[in-house]
Structures are given as structure tokens and as C-alpha cells.
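Report on one structure; see the data block that follows.
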Amino acid sequence: MRAHRKTWWSVALSLLVVAMPAWAARPYRGGAVATAHPMASEAALRMLDKGGNAVDAAVAAAFTLAVVGPYHSGLGGGGFALVHDAKTSGTQVLDFREVAPKAATRDMYLKDGQVVPGLSTDGATSVAVPGAVAGYLELLEKHGKLPRAVVLQPAIEAARNGFWVSPKYQALATLRRDCLRQDPEAARIFLAKNEQGELDVPPIGHLVRQPELARTLQTLAKSGPKPFYSGPIAQAMVDTVKAGGGVLSLEDLKDFKTRAHAPLEGSYRGHRILTMPPPSAGGLAVVQVLGALERLRPQGLEFREPETLHLYTEAVRRVYVDRVKYLGDPAFVKIPMESLTSSGYIADLAGSIDPKKATPSASLLPPVEGASGSTLKKPDGTWYDPSSAPEKKNTTHISIIDKNGNAVALTTTVNYAFGSCLVAKGTGILLNDEMDDFAALPGVPNAYGLVTGEANAIAPGKVPLSSMSPTLVFSKEDPKKVMLAVGSPGGSTIPTTVIQVISNLVDHKMDVVRAVGQGRLHHQYLPDELWVDRWGLEAATQAALEAKGHKIRRQEAWGDAEAVYSDPKTNLRYAASDPRNEGAALGQD
Ligand code: DON
């Protein structure tokens, strides 16, 4: 593989790296990529090697991930991308997230005023109108250089030849086994016969081949997005969803449109930051929390110091309260973005933090009275406590900076593991369950334990609120030059992952590999708990935080951040695929 070839130059650089422990990661002189699957990173690198730019590489990776990571993303999903063009210094935002079908109603997941667990997470009733195909192909058409057939070729090959089942695939297929078994098509493709002859989680090494998906991809390579939104593929999706009791229609698909937004701008210690505006709640959290931290600690943050972690937690708690109060699809609700990102507002937010003790979440915003349960179903039909969910590292992120400094940060998802577990018959397309990102009933937590408010209630054509936070950080010396492309999966923990990776680089001067691999902390207003991963806290620090009133819960599952760092001084690039996952960071020598 290209990335492992040693040249005199890379040997010399590795010697240099030994002498400079701050930059322990492998440097690349050309473009660099980080994705959650080696085959996707290789697809991206192949495009760069063919003379493609960051967008060609990102789109090749996105289509490949749709094949090899059905548990996190796919043609039946949607997402967000930030694209930076080094020539014009402009950054574009494309929003190709799913929308609610026209026949969706505010109360569609309720019975007798209560949420019915599973309706918004499993099967036909959970499916929103897919946007990924429109989004990926629009990115390519507007910003790419290579022909569509070339860019889709790695995905077609992966679908035809197969990929092998990994420990991660097994873990997520186990989580969704019952759901997958509900749809014979999904079970046939994603499960395998066990010794008893039942379709079950496949063994490690089992080859997943998807000939129908290969055919669908070939059609897209030849004809573009049209057949997906109005041709036979559209018909297959509609028929499958309707047969399962869902409401997707041909009009929904025909009328689907991507949206362009201006990037949300913030800054951290002199670095310009561009991130995702609503309908993501993530970018606002990034801008507000980093803004508050800079105000509270103008001299910088001390690593893992309890007072600092307390301030961070309190800032995050407040930002997630704002999420409940104000955020939803900006085409449907008026969001006071100017005020929420103003320095006065951020100063007030920082100033409201008591440095001595934790503020009970309920005192900031009382939880909705009588709201109980969750949208996530246990096998016995009762609801599941999402904050204790064992494994939720789905969704996926692609970070790329090419040799010319063009950059892409693209986060894409089918939502929960294996989306709705429903495959549109004959097409290989696994459909999303993005409807669960709406507030099924304001106050009742979704699959990520997230509570959202009235602004995120279901309405036809509306985009469900997201946590996905693709982000670009620019060089201090040259605010037009991308220094970091970053993003992550992880549901509600996505924004705090992005915040911590940025802080690790900027405050703690970590190399990008260390910055993504570090332990993490997360709060989300409700449940009123500070989530900490295995490497998040030393015992003494934990005790100091508990003494301030924080209720700490250890979580084992966190999103895998994917990041590319471009050193503004040397112009060398460094890529990091989180060691929590099975991805790969590659680059051009
Ligand atoms: O858009 C969102 O916020 C969610 N659909 C993301 C889902 C996700 O990250 C799943 N992984 N934990």
C-alpha cells in the first residue's frame, strides 16, 4: 500500500520526528485522509493518486463507506459536508440530511399520548427521505475533478467482491440482530446462517457481498442521482417502506432537495473555526463551548486539571440546554443564532457558571413533567435506557486535506446501527431511521438519551435536529489556510468529541493522533450525569469533580474522531483515525 512505502524522504522525516516528540504522527507531503474503514481510506487515496482533489477523495470514501460500513452510513442515509477551496479561500456547506416525509405527523410515534418504543428506530415507520445520494453526487459535480464512474468504482468493487466481517461489525449486528431479522432482505444480506440454520450475526472473516448494491451503484455511476429520486430505485424504496407500514412516497423522493448554508463561524485562541450551522446543533455547541473556555481561561487550559474540567462540563451543560430551548430546522423555526453566538451571550454563559459546584440541570431548565420512557425498544418491547446503551459508535466521518490545501469534513449517517434495518427490495439500499432524531414527544429521550424540545417536533418536510459537527480549524498565521479537518460519530457526544480534539491540539499542543485518542468527558443536560470514558479521568480528578456535585458515569462506547492536521509552518500533513475504531489514516508521500 502506498502509505507504507518508505522513501529516503520519509525515512529522514521519521528521524526528525524522533527528535521532535510533539509531532509523533507520520508526516505526508501530499494529501492525507482519515476514515472509519481502511477500504474507504484506500478509495480516497486512489482518487488523490489519480489527480483528484479532496472532494473526489471524500466522495469515493463516502460511497465506499456506504458499502463496507452498513451499520453507520449508506445510500439510504444523509449528512453534512464542509468543503474548503484553497484557490478561492471559500468554504461551502452542503446539507443533504434526510427530511420527514410529507405524510409525517407530529404525533406519529405516540399512542395514548405516550411514545411507542421502536416505532421511530426500527423498520419502515422510522424512515425519513434519504439525502446521501443527492449530496455525494452534488459535491462531486460542483467541486470534484474526476468522472463519476471513476469515483464510484472502489465502492462498486467493494460491493461486488465483498468485505470481511470485523469485531465492530459483529458488535453492531449483535445490537441490531432482532431488528435485522424483521426484514428478510436485510437479514439475508447482513446476517449469515448459524449451525442451526438460522440467520445470525456472521462470524469474523465472513465475506459480505452485495451484488444488488453493486448494481445500484453502477446505475448511479452511469445516470447520476435521477433513478434514485424518480426512477425504479425510488419505486423500490417506496414499495418496501409502504409494505412495512411506513409513509415514504414517490413525491417525497422527487421533491427532495439538498440545502446550501453559510458556515457557522467561531474562533478559538486566534484560530478561525468554520463549522456546521443548524439543522445541526453541533456547530453551535463547538462555537459556544470553546468561546466560553477561552473567556474563562484566557491563558489556556491546564491538562486534566479538575477546576478546568468542571468549567468545561458546566459550559457544555448550558449549551445543551440551549439546544433544547431553541434548536430545530431553521426553515421551520426562528433560531436566534446571532444572539446565541454573540460575545455578550457567551460571556453571560461563562459568567453563570459557579466555579465551586455543579449546577443541577433541572435548575437551568426543568425537565418536561411526566415525560418518561425512551424511543428505543428492548427485545421484550419495553423501553431501553439509552444512556446505558452498550455500543453506539455508528455514523461516520471523513476528513481530507489534499496536497493543494483543499479540505473536506463530511459526516454522514443512517442514524442508529444499521439504520431502520430495512433494505429496499432488489436495490441493496439500507434505509435510515433518522426520524428518531426528532422529538417524538418533547421531553422523552431518543436513542442517544437526548431530549429535544418543541422546535424539533415532527413536521412534513422538516429536517430532524442533528449532532453531526464536521468542522474546519484554520491556521492562526494564515486564517485562509485549513489547519485541521475534524469530525466524529457518536450521537449526542459528537460535538463534545470535536471540542476536545480541537482543545487537545490548540491548548495542549498534542499531535493529531494523541488528540483524537485522548480520554473524553461529556455532559448533555439530561440525564444529569458526567459521562467519562475509560481514559477520561484519574481517580483523584474524579473525586475532585464528585466533590463539586458531578454524578459520574463511566461509558464504554465513544465515537471515533477522524482528523487531518496540516502543519501551517511545514505544509506537511498528519492524519489520525481514532484508535477506538477500525479505521485508517493514510496519505501521499
Ligand atoms: O444526526 C445525528 O445527530 C445522529 N443521527 C447521529 C447518529 C450517530 O452518531 C450514531 N452514533 N452514535
Side-chain angles (χ1 to χ4, degrees), residues 36 65 69-74 76-81 95-100 120-121 126-132 135 168 171-172 175-176 275-286 320 323-324 327-329 375-376 384 386-398 410-421 430-440 445-452 456 462-471 487-498 520 522 524 531 533 555-562 578 580-581 583:
L65 286 165
Y71 40 81
H72 54 47
S73 66
F80 301 138
D95 167 3
F96 46 94
R97 186 156 164 86
E98 303 90 328
V99 301
S120 61
T121 56
S126 66
V127 179
V129 189
K168 175 167 183 175
L172 291 165
L175 179 74
R176 295 296 261 169
T275 183
M276 191 65 209
S280 167
L284 180 63
V286 170
Y320 275 72
R323 173 182 179 135
V324 180
L327 298 194
D329 180 353
T375 60
L376 205 54
Y384 191 74
S387 61
S388 67
E391 177 58 79
K392 34 185 186 172
K393 293 187 290 182
N394 25 339
T395 298
T396 201
H397 179 84
I398 298 162
L410 186 159
T411 314
T412 183
T413 190
V414 286
N415 191 30
Y416 207 56
F418 288 91
S420 63
C421 312
L430 179 64
L431 295 160
N432 71 83
D433 61 348
E434 217 71 53
M435 290 299 285
D436 189 58
D437 278 343
F438 281 115
N446 73 355
Y448 309 105
L450 265 179
V451 164
T452 48
N456 190 33
K462 191 173 175 184
V463 181
L465 190 61
S466 175
S467 301
M468 294 188 288
S469 319
T471 299
S488 178
S492 56
T493 64
I494 294 172
T496 50
T497 293
V498 169
R520 296 195 193 128
H522 171 80
Q524 57 182 46
W531 295 354
D533 80 2
Q555 286 280 15
E556 292 300 332
W558 295 79
D560 52 296
E562 306 292 332
D578 203 320
R580 290 170 179 82
N581 193 28

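Counting convention: from 1, in listed order, for ligands and their atoms alike.
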Part of [X] within contact of ligand 1 (heavy atoms, under 4.0 Å):
X	result
Leu465	neither
His72	neither
Tyr448	side chain

(message) I need the atoms of ligand 1 closer than 4.0 Å to a non-hydrogen atom of Arg97, numbered in the order shown.
(response)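 Reading through ligand 1 atom by atom, the close ones are 1 (O).
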(request) Just jot down the ligand 1 atoms closer than 4.0 angstrom to any heavy atom of Ser467, in number order. (result)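 Listed by number with element, the hits are 1 (O), 2 (C), 3 (O).
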(message) Any donor-acceptor pair under 3.5 Å linking the side-chain atoms of Ser488 with those of His397?
(response)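 No - no donor-acceptor pair under 3.5 Å links their side chains.
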Which heavy atom of [X] sits nearest a heavy atom of [Y], and at what distance?
X	Y	result
Val414	Ser73	CG1-C, 3.7 Å
Thr493	Gly490	OG1-O, 2.6 Å
Asp578	Arg520	OD2-NH2, 2.7 Å

(message) Please check whether Pro489 reaches ligand 1 - meaning an N/O of the residue sits under 3.5 Å from an N/O of the ligand, judged on distance alone.
(response)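 In this structure, Pro489 places no N or O atom under 3.5 Å from an N or O of ligand 1.
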(message) Any nitrogen or oxygen of Thr413 lying under 3.5 Å from a nitrogen or oxygen in ligand 1? Just yes or no.
(response)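 No; every N/O pair is 3.5 Å or more apart.
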(request) Run the numbers on Asn446 and Asp437 for side chain to side chain contact (heavy atoms under 4.5 Å, CB included), then give the verdict. (result) CA-CA 7 Å; Asn446 73 355; Asp437 278 343; 3.5 Å; yes
